[in-house]
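To start, the structure under review is shown below, and the notes come after it.
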There are 2 protein chains.
Amino acid sequence: MQRETKQRRAIRKALIDAGHPLSPQELHESAQEDVSGIGIATVYRNIKALHEDGWLEIVELPGEPPRYEVAGKEHHHHFHCRRCDKVYEVEGCPGNLKAVTPEGFELEGHEFVLYGLCVKCAA
Amino acid sequence: MQRETKQRRAIRKALIDAGHPLSPQELHESAQEDVSGIGIATVYRNIKALHEDGWLEIVELPGEPPRYEVAGKEHHHHFHCRRCDKVYEVEGCPGNLKAVTPEGFELEGHEFVLYGLCVKCAA
DNA sequence: GTCGTTGCAAAGCGTTTGCAGCCTA
DNA sequence: TAGGCTGCAAACGCTTTGCAACGAC
């Protein structure tokens, strides 16, 4: 990743402006507002490049296509709204992980996802 | 789902014998030991039918293809081994979920996945 | 001017579907 | 014997890749 193209700039901007994880399609649509002719392949290639550069992080939710967010945030988890399908960040962590890890297993990481209705959809 | 075929029996048996969640491919391979000519389409069709019947449950892990396990177990979560790629059940639940749910959000469910090395791979 | 990057179209890959024949009830 | 079920192959949707042209440095 060596050159700054208008396509790459549009993809970065879309992720920064969104403030929450975006899917490849959402990212493509959002980037098209800046660069109308941008191809989906370019979006995928830049996702890969920006991830290898450590600029973005992959957010994988169970049964969902991957989404992407700007890297460097504090440890956090996600809340997935079942109605509007948006993903929100939640602070904190339930902890107590060692207690549920079976004997002899080596714990390296964890993922934690909440489901329900976001504040807008619950209203 | 009205008839008991040898294919369906093989798929049920594979899930029961495994004791841990299986992916469609794993299920296909395992069922082939009983019915050598079984097609992958049949596996997918039976997964769907058995799920609609409530006989099996879908286990979705972040960034992983879905796996399936026999339904009716107690509330539990999963441990995903990064080396052998197997998925194990873990008892218990960290709890304390309300504490991390943002104000105004309605919590309906949660998923919780541990990553690391299983007891075999850690040795 | 170089060569990293792009858009397009084709190729992959896992999952689903259409269809004719099979086999359970 | 009826019609649910199966295997095969084609269709699908999403992601990746090959390639010639473009454009950032």
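A, B, ... follow the sequence lines: proteins, then strands. Residue 1 opens every chain.
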Check: Could you state the CG-P distance from B:Leu27 to C:dG14, rounded to the nearest angstrom?
Finding: 16 Å
Note to self: For a quick test of reading the model: is some side-chain N or O of B:Gln25 closer than 4.0 Å to OP1 or OP2 of C:dC13?
What the structure shows: no
Item checked: Nearest-nucleotide 5' precedence on DNA chain D, B:Ala41 against B:Arg8 -> B:Arg8
Next item on the list: Calculate the interatomic distance between A:Lys48 atom NZ and C:dT6 atom P; express it in whole Å.
Entry: 14 Å
Notebook entry, point to check: Do A:Arg82 and B:Glu106 meet the salt-bridge criterion of a basic N to acidic O distance under 4.0 Å?
Noted result: no
Margin query: Nearest heavy atom decides the nucleotide; on that basis, is B:Pro66 or A:Ile38 closer to the 5' end of DNA chain C?
Written below: A:Ile38
Check: Roughly, in whole Å, what's the span from CD in A:Glu29 to P in D:dC14?
Finding: 11 Å
Check: If you measure from CD1 on A:Ile40 to NE2 on A:His28, what distance do you get to the nearest 0.5 Å?
Finding: 5.0 Å
Check: Do NZ/NE/NH1/NH2 and the carboxylate oxygens of A:Lys86 and A:Glu26 come within less than 4.0 Å?
Finding: no
Next item on the list: In whole angstrom, give the distance that lies between atom CG of A:Leu50 and atom P of C:dG4.
Entry: 17 Å
Note to self: Applying a 4.0 Å non-hydrogen cut-off, can you work out what B:Ile40 is touching in the nucleic acid: base, sugar-phosphate, or nothing?
What the structure shows: nothing
Notebook entry, point to check: A:Gln7 has an atom CD; how far is it from atom P of D:dA24, in whole Å?
Noted result: 8 Å
Note to self: Output the rounded distance in Å from NE2 (A:His28) to C1' (D:dG13).
What the structure shows: 15 Å
Next item on the list: Could you label the plane-to-plane angle of the B:His110 and A:Phe112 rings as parallel, tilted or perpendicular, counting under 30° as parallel and over 60° as perpendicular?
Entry: tilted
Margin query: Could you tell me how far apart B:Glu52 (CD) and D:dG4 (P) are, to the nearest whole angstrom?
Written below: 15 Å
Check: How many Å lie between CG on A:Asp53 and C1' on C:dG4, as a whole number?
Finding: 14 Å
Notebook entry, point to check: Between B:Arg67 and B:Asp85, is there a salt bridge with N-O shorter than 4.0 Å?
Noted result: yes
Next item on the list: Indicate for each nucleotide in nucleotides 19-25 of chain C, in 5' to 3' sequence, whether protein heavy atoms under 4.0 Å reach the base (B), only the sugar-phosphate (S), or nothing (-).
Entry: ----BBS
Next item on the list: Scan side-chain atoms only and decide if B:Glu111 and A:His80 contain a donor-acceptor pair under the 3.5 Å cut-off.
Entry: no
Note to self: Looking at B:Arg8 and B:Arg3, would you say the former's side chain and the latter's main chain have a donor-acceptor pair under 3.5 Å?
What the structure shows: yes
